[in-house]
Amino acid sequence: MGTVYTHENFGTGSIRPVDHNVEALLGTQYQWFHFDRYQMQSQLLVYPGLSDAGRIRTTTKTTFTVKLANNFHTNFSFWDNFDSNPPFDSKRNELGVSNGLGWTF
């Protein structure tokens, strides 16, 4: 729980509209371990607008991690960003999938 200040730049070229917002921050996270080899983590962040009343942004992310040999691990993530009042011609939702390979030392 907290507050967030955002300074956003929109557009390309010489026309760059700017927006300044103060938002509240509410979040939760859940982590699940299984046999010390698998891990799943889910996160939800909600940003209700304080200076832009009625605007709500959310971010969700779920990551599944598998430990590999020699302290290596791989992960697969699915994420979603939502904005109830996006600027200009922007999309309300942005979805994505990512994959990573890491080493823990």
Side-chain angles (χ1 to χ4, degrees):
M1 193 180 256
T3 57
V4 176
Y5 170 76
T6 58
H7 174 89
E8 300 171 299
N9 291 317
F10 308 105
T12 59
S14 61
I15 300 174
R16 292 191 160 227
V18 175
D19 197 10
H20 304 272
N21 292 308
V22 177
E23 302 168 315
L25 169 61
L26 307 167
T28 186
Q29 182 172 309
Y30 176 77
Q31 201 159 357
W32 178 67
F33 296 94
H34 190 64
F35 299 122
D36 195 40
R37 180 170 177 173
Y38 305 104
Q39 175 183 345
M40 187 163 65
Q41 181 179 15
S42 292
Q43 182 180 54
L44 169 66
L45 301 174
V46 180
Y47 303 90
L50 299 177
S51 61
D52 187 3
R55 182 181 184 192
I56 297 176
R57 296 185 309 121
T58 62
T59 299
T60 61
K61 183 178 179 181
T62 299
T63 302
F64 180 70
T65 304
V66 179
K67 289 184 181 178
L68 304 172
N70 298 323
N71 295 331
F72 283 94
H73 63 273
T74 186
N75 61 43
F76 304 91
S77 296
F78 171 78
W79 52 267
D80 175 35
N81 293 325
F82 171 78
D83 190 338
S84 68
N85 187 17
F88 308 109
D89 294 331
S90 299
K91 297 179 182 178
R92 289 172 62 102
N93 269 76
E94 182 180 24
L95 302 169
V97 178
S98 64
N99 174 251
L101 178 65
W103 179 62
T104 305
F105 56 92

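Values reported hereafter were calculated over all heavy atoms of this structure, with side chains retained and with hydrogens, waters and symmetry mates removed.
Under the 30°/60° scheme for interplanar angles, the aromatic rings of Phe64 and Tyr38 are found to lie parallel. Between Tyr5 and His20, the ring planes are parallel. Angles under 30° get that label, and only those over 60° would be called perpendicular.
Thr6 is linked by a side-chain hydrogen bond (donor to acceptor under 3.5 Å, both in side chains) to nothing, counting only residues two or more places apart in sequence or in another chain. Legend: residues meeting salt bridge (Lys or Arg N to Asp or Glu O under 4.0 Å) with Asp83, ordered by chain and number and at least two apart, are Arg55.
Atom CG of Asn93 sits about 4.5 Å away from atom CG of Asp80, to the nearest 0.5 Å. A distance of 5.0 Å separates NE2 in His73 from OG1 in Thr104, rounded to the nearest 0.5 Å. How far OG1 of Thr63 is from CG of Asn75: 6.0 Å, rounded to the nearest 0.5 Å. In this structure, the separation between CD on Gln31 and OG1 on Thr65 is 8.5 Å, given to the nearest 0.5 Å. Here the OG atom belonging to Ser51 is positioned 7.0 Å from the CD atom belonging to Glu23, to the nearest 0.5 angstrom. Taking CZ of Arg92 as the start and CG of Asn81 as the end, the distance is 14.0 Å to the nearest 0.5 Å.
In terms of hydrophobic clustering, with Ile, Leu, Val, Met, Phe, Trp and Tyr side chains grouped at heavy-atom distances under 4.5 Å, Leu50 and Val4 are assigned to different clusters. Tracing side-chain contacts under 4.5 Å through hydrophobic residues (I, L, V, M, F, W, Y), one reaches Phe105 starting from Leu68; they form part of the same cluster.
If you look at Trp32 and Tyr30, their ring centroids are not closer than 6.0 Å.
More than 12 heavy-atom neighbours from other residues, nucleotides or ligands sit within 6.0 angstrom of CG on Asn99.
Residues Asn85 and Arg57 have side chains not in contact (no heavy-atom distance under 4.5 Å, counting atoms from C-beta outward). Side-chain atoms of Leu45 and Thr58, non-hydrogen and from C-beta on, never get closer than 4.5 Å to each other. Residues Thr60 and Gln43 are not in side-chain contact: their nearest non-hydrogen atoms beyond the backbone lie 4.5 Å or more apart.
Of all heavy-atom pairs between Phe78 and Leu95, the closest is CZ-CD2, 4.0 Å. Residues Pro86 and Ser90 approach most closely at CG-O, 3.7 Å, considering heavy atoms.
The closest donor-acceptor contact from the side chain of Thr74 to the backbone of Gly100 lies under 3.5 Å. Side chain of Ser84 to backbone of Ile56: a donor-acceptor contact under 3.5 angstrom is found.
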Which is it for Lys61 and Ser42 under the side chain to side chain contact (heavy atoms under 4.5 Å, CB included) test, yes or no, and what are the steps along the way? CA-CA 6 Å; Lys61 183 178 179 181; Ser42 292; over 6 Å; no

Checking Thr59 against Phe82 for the side chain to side chain contact (heavy atoms under 4.5 Å, CB included) test, could you report, in this order, the C-alpha distance in whole Å, the side-chain angles of both residues, the deciding distance, and whether it holds? CA-CA 6 Å; Thr59 299; Phe82 171 78; over 6 Å; no

